[in-house]
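Report on the structure given below.
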Amino acid sequence: MPSAQLDVVLFGASGFTGALTAAYLAEHAPADLRWGIAGRNRGKLERLRADLHDRFGSGDQLEILEADVTDRGSVRRVAERASVVASTVGPYLEYGEPLVAACAEVGSDYLDLTGEPEFVDRMYLEHGKRAEASGARLVHACGFDSIPHDLGAQFTVEQLPDDVALRVKGYVTAGGTFSGGTFASALTAFSRPRQMAAAASERRKVEPKPIGRRVRAVTGAPGYDRAIGQWVLPFPSLDPQVVARSARALPEYGPDFSYSHFVALANPLTAVGIALGAAGVFTLAQLPPTRALLQKLRPSGSGPSPEQREKGWFRVRFVAESSDGQSVRTEVSGGDPGYSETAKMLAESALCLASDELPTTAGQVTTATAMGAALRRRLERADMRFRVLDDRTSP
């Protein structure tokens, strides 16, 4: 958007994660960045702007844009003003489509924090072609879903030859609380298994496949995994789909690539407890009354204190093997995954799209495809770690 007046607009800035993202931008964005904050409540946005000025000595001139997802005209005006629009307004199946549509139409780049597979598939089907034509980059899952896994798998692949078959497994461990928005998105996804499967099936029918190459997201088996010395459960998140889409788009993932995704746990009883808990939540999410009761456990817009976030952490380990006998282990690690690191990842993604020299892409693309090493360098400077582990590193 060469004519855009703002480099970045943060949509939903007055929410819990939105405010954390705004604070990160106020503290870390270059002084010449032209950015603004958008949402439906001007009073809350003005209070946020004043708070940013008090805390960081900047933001007093921050532009405020009023917009509501129920008013498509107001959403389009936001898209027309910005080169990059980053959205924290979820659940995205309920609130996300108008902004995706507006960005795809006018050619502005779009980022979000969704972990909802159905939303991603439906946006591909409904707006992917239009974004390709306008030059917009639609980049979903720019938080803990799914940057550490997507960029971590890409980093792992870079350590091995690009002309052999690769088998990569990712193992997630974390400490901290998940956001109200993440919980709401999960409940929405749990309540729509048939619709989610239908959207995925429809996408598979029309999405181009790589020529002369094979790429798969493989559901692994639960149990004890000797590769990392822990108990594992397959992790049915958006992450393996994102990794597979990056692999389909980028030939350096090799002629035959597969990825499996797990939660890693030290205690088998914990694994059983998580599996039973997930099954219970899935069952309760099928009925609106019980789903509403579950939502009250962690409402959207709520979150932990700074002290609680300071104790949060995550680690994703990757084990990769090639068909010629080579292997490598890598790790991506950082702080509080649900809030602080997610805000950092979204903000750095927006800055990367707005400022860095990147490959020419358009349409619905992944973080690895659109930004890759440039975003990884930004995150490393912001204290996320990407490293190769040697055989002496403990599990």
Side-chain angles (χ1 to χ4, degrees), residues 12 15-18 20-21 86-96 100 110-124 138-154 170-190 192 196 199-200 217 233-247 259-264 278 281 298 300 303 312-316 318 332-350 364-371 375-376 379 384:
F16 192 89
T17 305
L20 290 176
T21 308
S87 175
T88 64
V89 181
Y92 291 90
L93 267 171
E94 187 172 355
Y95 301 117
V100 176
Y110 167 90
L111 303 167
D112 66 29
L113 296 173
T114 189
E116 302 164 51
E118 183 187 350
F119 175 73
V120 174
D121 289 340
R122 293 200 179 280
M123 294 308 96
Y124 175 86
L138 309 179
V139 193
H140 302 286
C142 294
F144 187 64
D145 289 316
S146 296
I147 282 180
H149 320 97
D150 192 24
L151 296 189
Q154 185 182 43
Y171 304 89
V172 183
T173 53
T177 58
F178 50 86
S179 70
T182 296
F183 189 49
S185 294
L187 288 179
T188 300
F190 283 168
R192 298 172 58 88
M196 184 168 63
L233 286 174
F235 192 8
S237 65
L238 177 66
D239 306 316
Q241 298 174 37
V242 171
V243 171
R245 285 171 188 140
S246 295
Y259 179 73
S260 301
H261 198 54
F262 302 90
V263 175
V281 171
R298 185 170 292 277
S300 295
W313 59 274
F314 78 86
R315 183 179 70 198
V316 187
F318 299 88
V332 182
S333 60
D336 173 59
Y339 295 94
S340 302
E341 293 294 85
T342 282
K344 174 195 297 182
M345 286 184 263
L346 181 63
E348 290 291 355
S349 296
Q364 192 184 97
V365 289
T366 65
T367 52
T369 306
M371 294 172 275
L375 179 56
R376 190 169 72 225
L379 294 173
M384 276 182 59

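Please read these numbers as outputs of a predicted model, since none were measured by experiment. Index from 1, following the sequence.
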Kindly compute the distance separating CE (Met371) from CG (Asp150), expressed to the nearest 0.5 Å.
9.0 Å

Approximate separation, where rounding is to 0.5 Å, of Thr21 OG1 and Phe16 CZ:
10.5 Å

Please report the interatomic distance CE(Met123) to CG(Asp112), rounded to the nearest 0.5 Å.
10.0 Å

Report yes if some heavy atom in the side chain of Ser349 is under 4.5 Å from a heavy atom in the side chain of Val139; otherwise report no.
no

To check you understand the geometry: which heavy-atom pair defines the closest contact between Thr366 and Val242, and what is its length?
CG2-O, 3.8 Å

Taking every heavy atom of Ser87 against every heavy atom of Leu346, the minimum-distance pair comes out as O-CD2, 4.4 Å

Would you say Thr88's side chain and Gly12's backbone share a donor-acceptor pair under 3.5 angstrom?
yes

What pair of heavy atoms forms the shortest contact from Leu93 to Glu116, and how long is it?
N-OE1, 3.0 Å

Ion pair present between Glu118 and Arg122, side-chain N to carboxylate O less than 4.0 angstrom?
yes

Step by step, work out the side chain to side chain contact (heavy atoms under 4.5 Å, CB included) result for Thr367 and Cys142.
CA-CA 7 Å; Thr367 52; Cys142 294; 3.8 Å; yes

Any donor and acceptor pair, going by atom type alone, linking the side chain of Thr342 with main-chain N or O of Pro337 inside 3.5 Å?
yes

CG of Leu379 to CD1 of Ile147: how many Å apart, nearest 0.5 Å?
6.0 Å

Go through the steps to decide whether Trp313 and Ser333 satisfy the test side chain to side chain contact (heavy atoms under 4.5 Å, CB included), and finish with yes or no.
CA-CA 8 Å; Trp313 59 274; Ser333 60; over 6 Å; no

Can you tell me if Tyr92 uses its side chain to pair, donor with acceptor, with the backbone of Leu113 under 3.5 Å?
yes

CZ (Phe144) and CG (Asp336) are apart, to the nearest 0.5 Å, by 10.0 Å

Minimum-distance pair of heavy atoms, taken over all atoms of His261 and Pro240:
CD2-CD, 3.8 Å

Any side-chain heavy-atom pair from Tyr110 and His140 closer than 4.5 angstrom?
yes

Within the structure provided, determine whether Met345 and Pro148 are in side-chain contact (heavy-atom separation under 4.5 Å).
yes

Any chance you could lay out the side chain to side chain contact (heavy atoms under 4.5 Å, CB included) test for Gln154 and Ser246, step after step, and finish with the verdict?
CA-CA 8 Å; Gln154 185 182 43; Ser246 295; over 6 Å; no

Should Gln364 and Val120 count as side-chain neighbours, where that means a heavy-atom distance under 4.5 Å?
yes

So, for His149 and Tyr259, is the gap between ring centers shorter than 6.0 Å?
no

Kindly compute the distance separating CG (Leu20) from OH (Tyr339), expressed to the nearest 0.5 Å.
9.0 Å

List the steps and the verdict of side chain to side chain contact (heavy atoms under 4.5 Å, CB included) for Val332 and Phe318.
CA-CA 8 Å; Val332 182; Phe318 299 88; 3.9 Å; yes

